[in-house]
Structures are given as structure tokens and as C-alpha cells.
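Because the structure is a prediction, the values reported are computed rather than measured.
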2 protein chains.
Amino acid sequence: MTEGNSTAAEQVALDVSGVDELIDRFAALSETHGAEGVTRLGYTPLEREAHQVFATFMSHLGLSVHSDAAGNTIAELPGDGRPDGIGTGSHLDSVPHGGRFDGIVGVVAAMLCAQTLAADDYHPRHPLRFVAFANEEGARFGQACNGSRLAAGTTDAEALGELRDRDGISVLEAMRSVGLDPDRLDEARWRREDWDSFIEMHIEQGSVLADGADDIGLVDTISGSTRLRLTVHGVASHSGGTPMLARHDALVSASAIVLAANDLALDAEHFGTRITIGRIIASPNSMTTIPGEVTLDVDIRDVDTDRQRQTALTLIARAKETAALHDTSLDAHLIADTAPTLLSRRIIELASRETDRLGMVHRVLASGASHDTQQISRVCETGMLFVPSLHHGVSHSPDEFSRAEDIARGVQALTGLLTALDMADEQPAS
Amino acid sequence: MTEGNSTAAEQVALDVSGVDELIDRFAALSETHGAEGVTRLGYTPLEREAHQVFATFMSHLGLSVHSDAAGNTIAELPGDGRPDGIGTGSHLDSVPHGGRFDGIVGVVAAMLCAQTLAADDYHPRHPLRFVAFANEEGARFGQACNGSRLAAGTTDAEALGELRDRDGISVLEAMRSVGLDPDRLDEARWRREDWDSFIEMHIEQGSVLADGADDIGLVDTISGSTRLRLTVHGVASHSGGTPMLARHDALVSASAIVLAANDLALDAEHFGTRITIGRIIASPNSMTTIPGEVTLDVDIRDVDTDRQRQTALTLIARAKETAALHDTSLDAHLIADTAPTLLSRRIIELASRETDRLGMVHRVLASGASHDTQQISRVCETGMLFVPSLHHGVSHSPDEFSRAEDIARGVQALTGLLTALDMADEQPAS
């Protein structure tokens with residue numbers, strides 16, 4: 001029966017046009033209408049529309065589809081009575097002016113995988129679940145993986161009432177504005193007994209696979225991320241009337257902090273740590289006023305938990321010293337903190353066997369970005385497949401690019417891995 | 001007759017409540033409704049409303065009032081037939097989240113001065129003109145002194161069609177949106193033969209007067225200002241997926257440029273030069289994306305023309321080197337350039353005599369900020385009176401503060417100076 005089922009994956013020709021068509025369809029749902037990348041933020045009508053495209057596609061395949069109070073959409077191909085499902089999927093939201101592939105590729109892979117299995121009239125032993133998570137990007141509210149956090153129980157309504165976007169709208173308010181009911185968030189929680197395993201396919205967002213000419217990546221670790229908001233307080237004053245030596249310039253101070261953060265990530269001890277200050281807001285941000293206040297959002301990533309936390313503490317200490325040196329003061333505020341996650345060794349081995357069988361060259365690697373899978377690891381065994389990112393691995397940018405044939409190869413590997421997982425517990429290892 | 005007229009100024013009791021009432025009235029016209037300072041940008045309905053308050057006040061005093069196509073409002077007390085007027089006034093717009101005094105104090109002084117002269121039934125020899133200039137702050141469109149530039153002929157409709165605010169609205173579009181007719185801008189031009197002299201009263205926006213316990217400042221020089229827009233081009237990419245050494249981080253590069261600019265203004269050679277980077281815009285400005293582009297608006301001020309221009313060239317060269325060192329590139333664009341201006345020595349002497357007569361302690365000083373008077377210097381002899389700024393001279397900030405009694409003293413000095421100017425050419429110096 002293992003062989004019979006594996007055929008489902010083998011029989012898939014590389015469905016390049018299916019990939020292109022779905023990627024285009026989602027990319028069209030953007031505030032930017034195609035120019036300057038894709039903008040489809042979490043818990044906005046455009047993100048909901050993308051979920052509806054996913055739901056309609058799955059319904060047409062004959063799968064049962066439901067959307068939960070967290071805004072996650074789940075389609076199910078029923079099993080033979082076993083309760084614990086095998087899932088795959090990713091997210092449909094984007095950062096502002098992001099690319100066409102981040103998240104989308106994993107949902108498109110789930111859609112094409114479901115299409116193949118449905119066409120093959122595949123009857124799984126475990127329920128197979130195809131998932132589109134809501135609001136994965138931290139871009140809008142500062143904390144990433146909102147939908148999967150709610151599924152995993154690593155956040156709750158109270159915490160989401162505190163997180164606000166730059167317009168002051170809380171996550172809960174945003175959810176309500178698109179018709180979700182935060183009072184029923186408990187129903188969106190995944191129970192351990194309902195899940196066997198979960199696999200997410202994603203673009204690499206780095207250049208390791210493309211540089212090595214590998215077909216596919218098997219992720220062993222997902223970096224943790226500590227996110228800080230540093231606010232530098234100076235004194236706003238007139239650019240002409242205030243002598244240089246009488247200034248408390250919050251932007252000069254913040255600039256020194258940006259460089260200190262960059263130096264910290266580049267020193268020998270922090271090899272592998274990445275520190276990014278992606279967002280800066282100066283106030284009043286007027287040409288003729290010395291900035292009185294500057295806010296910096298800092299993202300610290302590491303695969304080593306202790307080093308990640310220590311880096312955050314060191315950075316706060318250096319930022320305070322730097323602020324004082326420039327006659328300003330500093331507040332530091334923790335926005336979010338996620339530990340690095342080890343993924344399932346068993347799934348890496350299964351995936352490795354499947355990609356070998358399909359004649360693909362794979363590489364085991366770490367993920368620098370965080371992913372919904374990190375949250376779902378609290379619920380069940382998890383794995384991730386990476387497809388190569390081109391353009392030097394640029395992501396969160398309109399230049400983000402992955403080839404349709406690489407994505408189609410990823411769909412083959414994912415289909416093979418899901419059927420292998422479905423069969424895996426039939427024959428206990430011995 | 002000199003003595004008879006001077007009495008007009010001497011008779012003014014310090015009209016502290018008149019000052020307070022008018023300052024409050026203008027401060028109420030703010031987008032912010034009183035919280036977080038005053039926001040009343042140039043060529044907006046709120047600025048027009050402030051001009052209307054000025055026009056109505058002057059009409060009630062019996063002065064003839066007209067508004068020109070540039071949005072400047074001018075009230076006139078007719079002379080005895082001489083064509084060349086003596087003017088005073090300032091501007092009614094503010095920076096975003098600015099103070100209650102910048103510009104306003106000079107218009108309020110013009111109003112109270114007109115009120116005193118009208119109450120005294122003063123009949124001037126020269127027409128006395130009380131002026132509220134439009135759109136003085138460079139905050140919205142990058143170039144300062146729009147209304148006075150149009151009066152002085154130092155800008156024109158073509159140039160104003162190119163200047164745009166951050167929403168992409170050009171000066172001309174903004175003017176049309178508040179009912180002004182840019183096709184008639186030539187009519188707003190002041191002719192030399194119509195003007196004898198112009199005096200602007202303003203807050204110091206520095207702490208020289210307050211530190212020295214002086215009552216009033218007489219300005220001899222107004223700093224020039226060279227304004228640049230520097231755009232740093234990097235590569236936007238994912239904060240997790242992109243190793244530190246593979247980055248082209250536009251914010252790290254821009255931060256090094258901010259520090260280089262600050263160092264340049266602090267070196268021994270540039271003592272007296274002020275360089276401010278008041279505005280920074282990062283793109284896409286998202287926590288999980290390495291900034292791909294950062295724009296810095298730079299304001300270089302100096303009382304020495306050559307040093308001012310040389311500083312701009314040196315800064316551009318250093319910024320280009322710094323950008324290249326950080327694997328990014330740089331574009332530099334000149335937004336505006338105004339040379340330092342020497343004010344009339346004769347007016348300083350007249351003002352000095354008036355303040356002595358009124359028992360006030362004066363000091364001659366330079367202005368760090370630019371002012372409408374700088375433009376009007378192209379038309380006629382000009383002078384400026386500064387009243388003390390408290391709170392360490394903070395300006396362009398909600399903390400900007402001047403005492404009503406200091407302003408009222410300024411009104412006395414201004415009234416005295418205007419009547420002295422009115423009489424000055426009756427007795428040729430001999």
C-alpha cells in the first residue's frame with residue numbers, strides 16, 4: 001500500500017502552469033494593484049478575499065472547508081476514521097510592498113497537492129488538512145504568526161487587545177472589522193489529539209539553496225526572534241535657532257544606536273545572530289525641527305536561545321549608554337519573543353527519503369525567518385520544505401522571486417511526504 | 001511733530017491681556033485641537049481661517065484690507081499721500097506640532113500696534129501696512145517663505161508647480177484648493193516704489209536674550225539655509241533570511257550619514273554652521289524587512305554664504321563615501337537655497353534709540369532661523385525685532401514659550417519704531 005500511495009506523487013507532472021496561475025491570482029489581491037509589490041496586510045478585507053479564493057478552490061475539489069474565529073481557513077479530506085490529521089499550509093497575508101511568494105507558495109502547494117490527491121481519488125488513512133493561516137506577518141501589529149499562535153494557544157484575546165497597528169487599531173478590533181468573532185477564539189484552538197503532524201512549504205528567503213543548486217531544503221531549526229521597541233527621547237527645537245552644542249537630537253542619538261546594533265550583530269561572538277532595525281519613526285519629522293523623539297523597531301534573530309536573549313539585553317544596555325552620550329534618554333519595550341524551534345528529525349528523514357526517490361537534491365538547513373510552523377510545533381510534530389529563492393534570496397520586497405518549476409518540484413515533494421506520513425505509522429519501525 | 005507722534009508708543013500700557021487673547025485665538029485654529037502643539041500648515045483651510053481672523057480684526061479698526069493671489073493679507077492705514085509704505089507683520093502658519101508663538105507673535109504685534117495707532121487717531125505720513133504672510137514654514141513643501149517669496153519675486157508659478165508635499169500635492173494645487181488663483185500671482189508682487197521699509201517682530205527661537213536678561217533683540221543678520229534631500233538606496237530583504245554580511249541596509253547607511261553630518265557641523269572649521277536632519281523616511285518601514293530606501297532631509301544654516309555652500313558640497317561628498325562604504329548608493333537633490341541676509345544698519349540704529357527711550361535693554365544679534373524679512377530685503381530696507389524665547393529657546397515644538405509681558409514690550413518697541421520710521425525722512429540726517 002505504501003508503493004500504491006506514493007504513486008500519487010510520482011504521477012504528478014511538474015504543474016508549472018497551475019503554479020503560475022494561482023500565484024498570479026493571489027498577487028492580484030493587493031492594495032498596490034500590481035505596482036510596487038504586494039500589500040495585503042493581516043485582518044484586512046484583501047486578506048479575507050484571498051482566504052475566500054482558497055476556500056472556493058478547495059470546495060470545488062469536494063473537500064469540506066471551514067473558517068475559524070482566528071480567521072484560519074482549513075479544508076479537510078477525510079481519513080478512514082483516525083482522528084489525528086496530517087496538515088499542510090502557510091499564510092496569505094503580506095508585508096507592505098512585499099513579494100508574490102512569501103506564504104503564498106505554501107498555500108498554493110497545499111491547493112495543488114489537494115488537487116492531485118483528489119484527481120487521483122486518494123483515500124488517506126489520516127484526515128489530510130489544508131490550511132491557510134491568518135495574519136502571519138508581524139508587519140502590521142509587531143507580533144508575527146497571529147493565526148497559528150491562536151491555533152497553538154500561545155496568545156489569547158487579552159494579549160491581542162494590547163497589540164496595535166500604527167493607526168492604533170488593536171488586533172481584536174481589526175478582527176471584528178473583517179467579520180471575525182474574537183469572543184469565540186477558544187474554538188480556534190487546535191487539540192493535540194486531533195493532529196499527527198504538520199508540514200509547511202515556504203520559499204527559503206535566503207540564497208543557500210540557489211547558491212548550492214539544490215532542489216529543495218529540509219528545515220531542521222527555525223530561528224527565534226526577539227522584538228524590541230526602542231524610543232529615544234530628545235528635545236524638539238528649531239533647526240536654525242538651536243546651536244549644535246545645545247541640542248538633544250533624538251535622530252542623531254538613534255542613528256548611533258542603529259550603528260551600535262549593527263556592530264553588535266557583526267562581532268565575532270554573535271556570528272549567526274541577525275539584528276535588523278526595519279522601522280524608524282521620527283517626530284515631528286519636519287525639515288526645520290530637530291527630532292524630539294525617534295522610535296526604532298528591532299528584530300533580533302538567532303538559532304541559539306540563550307544568545308538571542310543575551311543579545312537583546314546587551315543591545316538595550318548599549319542603546320541606553322549611547323542615548324545618554326548624546327544627551328537623550330531611552331525607553332526599551334519588549335514587543336514579542338519567540339524561542340528558536342527544533343523541527344522533527346523523523347519528518348526530515350521521511351522527507352529526505354521522498355526527495356531522493358523523486359531524484360531531487362536536498363539540503364538540510366536552518367530557517368532565518370519565523371514561520372507558523374514554529375507555533376504549530378507546540379501541537380504536533382512539524383516539518384518544513386524550502387524551495388529556492390532567486391535574486392540573492394531577497395524577500396519582503398517586490399524583487400522576491402522563485403521559479404514556478406522549483407515550486408512545482410516542491411509540490412511533488414510535499415505530496416510525496418504527506419502520503420508517506422499518512423502511511424508511516426502503518427509499519428512500525430523495527 | 002516727532003515728539004507728538006512718539007507719544008503714541010509711549011502711551012501704550014503693556015497690553016498683556018490683549019496679547020494673551022489673540023495668541024489663544026490663533027492657537028485654537030489647529031488640527032490638533034490644542035493637544036500636542038499647534039498644527040496649521042500653509043495653504044490649508046485652517047491657515048486661511050487664521051488670515052480671516054486677522055482681516056476681520058483690521059477691518060473693525062477701520063483699515064482697508066486685501067488678500068492677494070499669494071494668500072498674503074495686507075491691511076493699510078493710509079498715509080498723507082506718500083506712495084512708499086512702511087510695513088510690519090509675520091506669518092500665521094505653523095510646522096506640524098509646533099508652538100503658539102512662531103510667526104503669530106509678529107502678526108499679533110501688528111494687530112495691537114494698529115489698534116494703538118487707530119485708538120490714538122494717528123495719521124501717518126507714509127501708508128502703514130500690516131501684513132500676514134502665507135505659508136512661511138518649509139515644513140510642508142520643503143521651501144520656506146512662500147508668501148514673501150512671491151511678494152519679493154524670488155519664486156514663481158513654475159517653481160511652485162514643482163514643489164510637492166509628502167502626499168504629492170504641489171504648492172499650486174494646495175493654493176487652488178483653498179480658493180487662491182495662481183494664474184494671478186504676478187499681482188501679488190511688491191513693487192520697490194511702493195515700499196519704504198519693513199519690520200518683522202518674531203520670537204528669538206534661541207536663548208541668547210533670555211540668558212542675558214535682555215528685553216529685546218535687534219537682528220543684524222539672518223542665517224542662510226541650504227536644504228538637501230539625500231536618498232540612500234539599499235536592497236529591501238527579509239530580516240531573518242538575510243545574513244548580516246549579505247545586506248545592503250539603507251538605514252544603517254543613512255545612520256552613518258546622520259552622524260557624519262553632525263560631526264561636520266561640530267568640527268572647529270564649522271563653528272557657527274548648523275546642520276539638522278529633521279526628517280527621515282524609511283521604506284518599506286516594516287519590522288521584518290531590511291530598509292531598502294531611506295530619505296533624509298538636511299537643513300544647513302550659516303551666516304557665512306561661502307561656508308554654507310561649501311558645507312553642502314562637503315556633506316554630499318561625505319554622504320556618498322559613507323553610502324558606498326555600507327554597500328549602498330546615494331542621490332543628492334537640492335531642495336532650496338537661501339543666502340544669509342544683512343539687515344538695515346539705519347533701522348537697527350533707529351530701533352536702538354527707540355528701545356533706549358522706552359527704557360528697554362536691547363542686544364544686537366543674528367537670527368539662526370530664516371524669516372519672511374529675508375525675502376522682503378529684496379524689495380526695501382528691513383529690520384527685525386526679537387522678543388525673548390523661554391524654555392531654553394525651544395521652538396517648532398509644543399514647548400515653545402514667550403511671556404505675554406515680553407511680547408507686549410515688543411509691541412511697544414515696534415509701535416515706537418514704526419512711528420520713528422514714519423518721521424525719519426522728515427529731518428534729513430545732517
Side-chain angles (χ1 to χ4, degrees), chain A residues 95-98 137-139 142 144 204-207 223 225 227 235-244 246 249 251-252 254-256 258-259 262 265-266 274 276-280 282-292 297 299 301 367-370 389 392-397 399, chain B residues 95-98 137-139 142 144 204-207 223 225 227 235-244 246 249 251-252 254-256 258-259 262 265-266 274 276-280 282-292 297 299 301 367-370 389 392-397 399:
Chain A
V95 296
H97 303 291
E137 298 291 356
E204 182 198 337
Q205 306 180 286
S207 63
S223 291
S225 165
R227 295 179 182 182
V235 178
S237 191
H238 192 286
S239 61
T242 317
M244 293 306 295
D249 186 326
L251 182 60
V252 169
S255 296
V258 170
L259 295 182
N262 200 53
L266 285 169
R274 279 136 292 141
T276 306
I277 299 182
R279 184 162 175 261
I280 180 168
S283 167
N285 217 31
S286 162
M287 173 176 277
T288 52
T289 308
I290 296 162
D297 284 358
D299 183 21
R301 309 255 184 164
S367 169
S370 55
S389 289
H392 309 287
V394 163
S395 181
H396 281 192
S397 153
D399 291 332
Chain B
V95 297
H97 303 291
E137 298 291 356
E204 181 197 338
Q205 306 180 284
S207 63
S223 291
S225 165
R227 296 180 181 182
V235 177
S237 191
H238 191 287
S239 63
T242 316
M244 294 306 294
D249 186 326
L251 182 60
V252 169
S255 296
V258 170
L259 296 181
N262 199 55
L266 285 169
R274 281 135 290 142
T276 307
I277 298 183
R279 185 162 175 261
I280 180 169
S283 167
N285 218 31
S286 163
M287 173 176 276
T288 53
T289 307
I290 297 162
D297 284 357
D299 183 22
R301 309 254 185 166
S367 168
S370 54
S389 289
H392 308 287
V394 163
S395 181
H396 282 193
S397 153
D399 291 334

The salt bridge (charged side-chain N to carboxylate O under 4.0 Å, His left out) partners of D299(A) (sequence neighbours excluded) come to R227(A), R301(A)
Between M287(B) and R279(A) the two heavy atoms that sit nearest each other are N-CB, 4.2 Å
Query raised in the report: Does I290(A) offer a backbone N or O that forms a donor-acceptor pair with the side chain of S237(A) under 3.5 Å?
Result: no
So, the part of T288(A) with a heavy atom under 4.5 Å from chain B: the answer is both
Answer key: most heavy-atom pairs under 4.5 Å with chain B among P243(A), G368(A), S397(A), G142(A) is G368(A)
Looking only at D297(A), L259(A), L266(A), D399(A), most heavy-atom pairs under 4.5 Å shared with chain B are made by L259(A)
Counting heavy-atom pairs under 4.5 Å with chain B, the top scorer among P291(A), S255(A), G241(A) is S255(A)
Highest number of heavy-atom pairs under 4.5 Å with chain B among V95(A), I277(A), V235(A), D249(A) belongs to I277(A)
Applying a strict 4.5 Å limit to non-hydrogen atoms, the region of S223(B) in contact with chain A is neither
Looking at A369(A), is its backbone amide N or carbonyl O close enough to the side chain of S367(A) to form a donor-acceptor pair, meaning the two atoms are under 3.5 Å apart? yes
Applying side chain to side chain donor-acceptor pair (under 3.5 Å) to N285(A) and not counting sequence neighbours gives none
Heavy-atom nearest pair, A139(A) first then S286(B), reads CB-OG, 3.5 Å
Looking only at H97(A), H392(A), E204(A), M244(A), most heavy-atom pairs under 4.5 Å shared with chain B are made by M244(A)
From the list S389(A), A256(A), G138(A), A254(A), the residue making the most non-hydrogen contacts under 4.5 Å with chain B is A256(A)
